[in-house]
Amino acid sequence: MHTPVIATSDADARIMVLRDFDEPAWTLRFHTDARSPKTAVIGDGGPVGVLFYDRVEKVQIRCRGTGRIEQGTALADRAWSTSDNFARRCYLGAPPGETREEPSSGLPDWIEGQRPTEEQLAPARSNLAVLIVEIEEADWYYLSNGGHRRALIDRDGGRWITP
Ligand SMILES: Cc1cc2nc3c(=O)[nH]c(=O)nc-3n(C[C@H](O)[C@H](O)[C@H](O)COP(=O)(O)O)c2cc1C
């Protein structure tokens, strides 16, 4: 369940890599490009759905929560300093969604296939944004021939509901 689907209020959805789950706070952390369209949609308090699925375990978890984008904060600084230079390299490129004549990574030619240095990465730093999703409720569903199971869980506990 490392790559959930993140849904936003504009009826769009996309895969993102889960970086952290803070259990006491019930928050999820993701990294993204501050120039990507989803950051404007989420802003500082937009509704966010997070859909997890484990095909083998036949478990789906639908989380509803509130998102917030952090850029240039201590949290974003920490996200930058704990990423390796290959991960940071993505933020050196053109903003997501620009039209190109040919298939393109969006990265400048001089960095294609290379690990950038700290100095070369400096201009990319402000393009990294952190998405924090505070989960309000999780809807857990287990698919089974012997009878499906479903539960609604929040920070105060949970209850079984019919599938
Ligand atoms: C396996 C996989 C992992 C991805 N991980 C991320 C991620 O961690 N952060 C991110 O912003 N985009 C990630 N993407 C790209 C997004 O799905 C999406 O296409 C991109 O962020 C642009 O989204 P937007 O136009 O809705 O802003 C990933 C895509 C794939 C296929």
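Since the structure is predicted, the reported quantities are computational estimates derived from the model, not experimental observations. Just so you know, ligand 1 is whichever comes first in the structure, and atom 1 is the first atom listed for that ligand.
- Remark: ligand 1 atoms within the under-4.0 Å shell around heavy atoms of His31 are 7 (C), 8 (O), 9 (N), 10 (C), 11 (O).
- Without hydrogens or angle criteria, Glu57 side chain to Asp54 main chain gives no donor-acceptor distance under 3.5 Å.
- Taking atom 21 (O) of ligand 1 as the reference point, the nearest protein heavy-atom neighbour is Lys38 NZ, 2.8 Å.
- Checking side-chain atoms of Arg88 against main-chain N and O of Ser83 turns up a donor-acceptor pair under 3.5 Å.
- Here the protein heavy atom with the shortest distance to atom 19 (O) of ligand 1 is Arg14 CB, 4.5 Å.
- The contact set between ligand 1 and Arg19, taken as ligand atoms under 4.0 Å from a residue heavy atom, comprises 8 (O).
- The backbone N or O of Arg78 lies less than 3.5 Å from a partner atom in the side chain of Ser81, making a donor-acceptor pair.
- For the pair Arg89 (side chain) and Ile111 (backbone), a donor-acceptor distance under 3.5 Å is present.
- A donor-acceptor contact shorter than 3.5 Å links the side chain of Gln71 to the backbone of Ser126.
- Ligand 1 lies nowhere less than 4.0 angstrom from a heavy atom belonging to Pro96.
- In terms of polar-atom proximity, defined here as any N/O pair under 3.5 Å, Thr32 does make such a contact with ligand 1.
- Checking atom 31 (C) of ligand 1 against the protein gives no heavy-atom contact under 4.0 Å.
- Near Ser36, with a cut-off below 4.0 Å to any heavy atom, the atoms of ligand 1 are 27 (O).
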request  = Give the C-alpha distance, both sets of side-chain angles, the deciding distance and a yes or no for side chain to side chain contact (heavy atoms under 4.5 Å, CB included) between Ile42 and Val48.
outcome  = CA-CA 7 Å; Ile42 297 167; Val48 172; 4.0 Å; yes
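- In this structure a side-chain-to-backbone donor-acceptor pair under 3.5 Å is missing from Arg68 to Leu131.
- Less than 4.0 angstrom separates some heavy atom of Pro37 from each of these atoms of ligand 1: 25 (O), 27 (O).
- Taking 4.0 Å as the cut-off, Ile15 counts as a neighbour of ligand 1 on heavy-atom distance.
- Regarding atom 8 (O) of ligand 1, its nearest protein heavy-atom neighbour is Val17 N, 3.0 Å.
- A distance-only check finds a donor-acceptor pair linking the side chain of Asp154 to the backbone of Gly157 [under 3.5 Å].
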